[in-house]
Amino acid sequence: MKEITAMSAMTVAEKIKAKELSVQEVVEAQLKAIKLREPLYNSYITITENEAKEQAIKVQGQIDNGELKDSPLAGVPVAIKDNICTRGIKTTCASKMLADFVPAYDATVTERLKKSGAILIGKVNLDEFAMGGTTKTSYFGETKNPWNRDHTPGGSSGGSSAAVAAEEAFISLGSDTGGSIRQPAAYCGLVGFKPTYGTVSRYGLIPLASSLDQIGPLGRNISDCASILELISGYDPKDSTSIKQGRYNYRSALVDDVKNMKIGVPKLYLDEDLDEDIRSCFLGALKTFEDMGAKVELFDLDEIRHSVQAYYVISCAEASSNLSRYDGVRYGHRTGDYDGLDELYKKSRGEGFGYEVKRRIMLGAYMLSSDKYEAYYNKARRIRTIISKTYDEAFNKYDILLSPESPNTAPLLSDDYSSSKNKQKSEILNVSVNLAGLPAVSIPCGKDRKGLPIGLQLIGKKFGEKALIQAAYSFEQTRPYERPGTLVN
Amino acid sequence: MKRYETVIGLEVHVELSTASKIFCACSTKFGEKPNSNSCPICIGMPGAMPILNKKVVEYAILVGLALNCTISKKSILDRKNYFYPDLPKAYQISQLYFPIARNGRITIDTDDKSKSIGIHELHIEEDAGKLIHDSDKNMTLVDYNRSGVPLIEIVSEPDMRSAEEVKSYLEKLRTMLRYLGVSDCKMQEGSMRVDINLSVREVGDTRLGTRTEIKNMNSLKAISRAIEGESKRQIDILQSGGLIDQETRRWDDNENESVRMRLKEEADDYRYFPEPDIAPLEISDEWIHELMALLPEFQDEKILRYQKDYGISEYEAGVLTSSKEIANLFERATRLCNLPKEVSNWLMVEGMRILKDNYIDPWDICLTPERLSTLILMIEEGRINRIKGKEVFEKSFLEDVDPEDYVKKHGLEMISDDKMLRKVVVKVLEDNPQSVSDYKNGKTKAFDNLVGQTMKSMKGKADPALVNTILKEMLEN
């Protein structure tokens with residue numbers, strides 16, 4: 001039998017159901033892999049060993065009692081990004097600010113996973129407050145890419161991607177504000193799914209930018225992602241931005257058929273000076289879709305070119321407000337020595353936040369000031385409306401859109417990525433999707449000359465998750481999952 | 001010398017009496033153990049999200065309609081960002097750009113004339129927690145029970161010109177809000193708080209002067225003093241050739257003067273922006289119509305109708321309608337016993353006295369219309385006399401006491417037994433020869449004394465008319 005931890009989440013769930021494996025065995029195997037590999041990758045901030053073991057006994061009992069029959073992931077260990085609240089378990093946002101924060105409640109996704117018998121195995125690393133694309137801004141140190149430890153696993157959900165690629169978790173949850181699920185999935189050779197805004201409850205997700213954030217899974221294949229998405233999606237009365245929809249029967253879309261599917265490819269993605277390996281992989285992917293009977297067509301989507309500017313204005317503005325509560329009074333690190341309230345605020349915030357977070361808070365606060373509001377925030381909102389409309393029009397013609405997930409593969413951790421000329425290009429591919437609230441998935445489509453994974457992005461219309469799943473599943477049949485060759489056992 | 005007039009606009013914050021808070025299910029009850037009414041949402045725990053209480057919107061629309069406002073079809077909640085320890089999220093969810101209601105008016109009465117005061121807007125927002133300073137321990141504690149209690153803010157136009165007009169406006173508003181049942185408007189408990197925007201200008205000038213804002217007033221008397229004090233301060237400055245600073249001030253009622261809190265330049269920039277966690281509110285015409293049908297008959301309409309329907313004076317009608325509770329008691333008891341004058345008298349004289357003597361509010365009255373009607377009919381039918389009636393009235397006004405039971409239990413029924421009363425009167429006349437001779441010498445007061453003595457020996461239960469008759473008869477003979 002294949003190593004337990006190398007199996008897909010669905011396979012493990014089936015074996016548990018068939019009593020070929022016990023939940024305890026699976027959890028033990030997972031914990032063993034974590035202990036072995038964590039010193040190499042630093043995926044986790046908190047490993048919930050005791051809770052996981054207790055949960056394993058409980059879930060095994062439920063399964064033995066004939067419960068959880070319909071749950072596709074009963075007994076499967078899941079890692080959760082450390083900006084999603086878990087009752088009684090530290091939720092740090094990878095910040096000194098919240099290094100000791102223990103939520104008094106479970107996020108809705110946490111609650112739903114627990115209810116369906118998934119096992120919380122630990123909380124995984126991210127860029128501080130999800131601001132970044134490398135995990136380098138984490139207060140708990142950077143995470144390393146299991147394909148090559150000199151490279152970043154991506155971010156901000158870099159702990160989520162590294163854990164799954166390093167087989168320290170079967171599947172994980174991340175959050176995506178401007179590509180933070182898709183980009184790390186691409187860098188680590190995984191499937192990363194960002195659902196339609198409003199599909200998955202944000203209740204309990206510590207917000208970066210409330211109007212852009214969305215929780216989604218990172219897994220080793222689309223079937224695992226579709227399964228967990230079914231569990232976490234659905235209207236939540238605790239999140240007033242969540243949307244009432246019928247049942248999310250995503251697994252029914254796991255069908256190998258893209259015949260006559262209309263696929264649009266925005267020219268602007270190809271016009272960019274893409275890395276040669278990525279270009280050829282991407283063109284190869286387009287050919288695969290054509291070979292499978294899809295209709296692939298290039299078209300103009302230039303109206304989204306201001307996405308990055310609009311994204312920064314909106315996300316920094318919302319973040320500046322969302323992060324105000326960390327002032328050392330009720331929440332957040334409190335400075336040791338202060339004279340008066342103003343100094344308490346200034347020193348606590350000065351000490352508790354890292355550089356990137358401060359930079360964005362200052363930008364956001366500046367752009368929201370009453371004499372700048374019109375010029376920045378309101379203009380950005382208008383651009384956002386244009387972007388949504390542009391996408392709506394594109395989806396009148398196409399079922400899905402395709403693009404490279406990123407114009408480059410995982411950069412070196414030693415690179416100063418923030419000044420890279422590719423940064424903006426990379427972001428335009430990602431952030432426009434969040435501005436329009438669309439679903440998108442990144443799937444592996446090859447490797448570059450250094451052996452690092454390359455991601456392909458599929459973008460769907462609002463609530464078009466099933467089309468994405470079907471296209472991703474079909475494509476996956478031509479590019480089976482590859483594990484990093486460097487994993488220690 | 002130049003003559004000046006004072007120009008005043010008010011911002012009134014009213015706590016709504018919904019059972020739960022504006023964004024969570026916590027109770028809004030006042031005076032509970034600190035932090036017992038709190039949850040992840042109202043203490044702003046990271047990741048928790050607000051859910052707008054529909055009742056709050058309903059109440060706000062009702063008030064908007066009562067103030068003759070235009071109700072917004074689309075209304076948006078905004079974040080008002082500022083740091084303060086009583087504000088756990090470091091922003092207050094309020095409304096700036098698209099308030100629930102705009103452009104209303106309310107008519108107030110001052111010195112026999114009415115005046116229309118414009119309502120600029122009405123919006124909903126959440127209250128903050130409460131700081132408690134412990135000077136012994138040199139510590140500040142925070143109680144979040146009030147955090148998230150729903151408020152409406154009613155912003156008037158600068159249409160008031162004197163402390164009397166302000167008082168009249170606030171009383172009118174308070175009566176109206178209580179009629180609507182949306183707030184108890186208890187200023188001393190902070191459920192109605194007032195910010196005063198005040199400027200002065202020369203009489204005849206139509207431009208507005210530079211204004212100051214006096215924050216957080218919570219008593220009508222202090223408001224009157226603050227208005228008088230602040231206009232005088234501003235007039236003195238102008239008269240001595242000075243200029244008014246646009247600033248926020250605090251009224252010190254003990255010192256009888258206002259004190260600068262901060263200049264406008266020092267004021268916070270609240271960095272308002274639309275609350276991304278709450279979808280814009282769509283208020284349909286159907287909803288507005290449904291709520292319009294719920295608007296009660298207000299005091300002004302009642303005063304006119306009472307004069308017409310019940311033939312009582314404008315003054316009486318005004319007192320009877322000063323609260324919804326008294327008005328209801330009056331109308332329903334009258335419907336039952338058909339004696340409007342009697343009902344009015346009891347409520348006007350005894351009712352008002354008991355309220356005042358016991359420092360209670362109209363909503364604390366226990367008396368039901370059925371019991372009031374029963375009591376009045378008992379007196380009318382001669383089953384008890386008026387003196388005992390007062391006792392029963394007060395008892396059932398303050399407590400859950402049924403007049404019938406009470407009268408029976410305490411044997412208060414009136415005694416009209418002629419024979420028995422004659423015996424008592426004979427005894428009284430014997431015991432009070434001085435009064436008898438006084439009476440015979442023309443001192444009518446002596447008669448009252450003899451009646452009193454007779455009633456006393458009957459423990460107040462004698463039929464007073466019969467006592468009068470018997471006494472007169474015996475004295476004359």
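Here is how names work: the chains are called A, B, and so on, in the same order as the sequence lines, proteins then strands, and each is numbered from 1. Hydrogens, waters and symmetry mates play no part in the numbers below; they use all other heavy atoms, side chains included.
- Of the listed residues C93(A), S211(A), G204(A), S320(A), the one with more heavy-atom pairs under 4.5 angstrom with chain B than any other is G204(A).
- T335(A) and E351(A) share a donor-acceptor pair across their side chains, judged by distance under 3.5 Å alone.
- Per-residue heavy-atom pair counts under 4.5 Å with chain B were compared for L205(A), L98(A), I84(A), and the maximum is reached by L205(A).
- With respect to chain B, the highest number of heavy-atom pairs below 4.5 Å among S240(A), A317(A), P237(A), G328(A) belongs to S240(A).
- Contacts between Y331(A) and chain B at a heavy-atom distance below 4.5 Å involve the side chain alone, from C-beta outward.
- Defined by atom type and a distance below 3.5 Å, a donor-acceptor pair is present between the side-chain atoms of N322(A) and S210(A).
- The CD atom of E153(B) sits 5.0 Å away from atom CD of E11(B), with the distance rounded to the nearest 0.5 Å.
- A107(A) does not touch chain B: none of its heavy atoms, backbone or side chain, sits under 4.5 Å away.
- Of the N and O atoms on the side chains of S157(A) and K81(A), at least one donor lies less than 3.5 Å from an acceptor on the other residue.
- Between the side chains of S147(B) and E126(B), no donor-acceptor pair of N or O atoms lies under 3.5 Å.
- Geometric assessment of K80(B) against the ring of Y270(B) yields a positive cation-pi assignment under the 6.0 Å and 45° thresholds.
- Taking I206(A), T108(A), N83(A), V329(A) one by one and counting their heavy-atom pairs under 4.5 Å with chain B, the maximum is reached by I206(A).
- In this structure, M367(A) CE and Y376(A) OH are separated by 7.5 Å, a value rounded to the nearest 0.5 Å.
- Put simply, of S321(A), S369(A), G364(A), C85(A), the one with the most heavy-atom pairs under 4.5 Å next to chain B is S321(A).
- Most heavy-atom pairs under 4.5 Å with chain A: of the set N81(B), L87(B), V142(B), T140(B), this distinction falls to N81(B).
- For a residue to count as touching a neighbouring chain, one of its non-hydrogen atoms must lie under 4.5 Å from one of that chain's; by this rule A209(A) does not touch chain B.
- Contact of the K462(A) side chain with the L438(A) side chain is registered, since non-hydrogen atoms from C-beta on lie closer than 4.5 Å.
- Within the 4.5 angstrom heavy-atom criterion, only side-chain atoms of L341(A), from C-beta onward, approach chain B.
- In this structure, chain A has a heavy atom under 4.5 Å from the side chain of Y97(B), while its backbone stays farther away.
- Each of P50(B), C39(B), A279(B), P85(B) has some count of heavy-atom pairs under 4.5 Å with chain A, and the biggest count is that of P85(B).
- Using a 4.5 Å cut-off on side-chain heavy atoms (C-beta onward), H123(B) and I152(B) make no contact.
- D285(B) has its side chain within reach of K73(B): a pair of non-hydrogen atoms, C-beta onward, lies under 4.5 Å apart.
- With a 4.5 angstrom heavy-atom cutoff, I43(B) touches chain A via backbone and side-chain atoms both.
- The existence of a salt bridge linking R260(B) and D245(B) is confirmed by a sub-4.0 Å separation between a basic side-chain nitrogen and an acidic carboxylate oxygen.
- In this structure, chain B has heavy atoms under 4.5 Å from both the backbone and the side chain of D239(A).
- Among K238(A), R381(A), K372(A), the residue making the largest number of heavy-atom pairs under 4.5 Å with chain B is K238(A).
- Using a 4.5 Å cut-off between heavy atoms, F83(B) contacts chain A through both its backbone and its side chain.
- Note on A90(B), G44(B), P40(B): by heavy-atom pairs under 4.5 Å with chain A, the leading option is G44(B).
- Of the two parts of D277(B), the backbone and the side chain both hold a non-hydrogen atom closer than 4.5 Å to a non-hydrogen atom of chain A.
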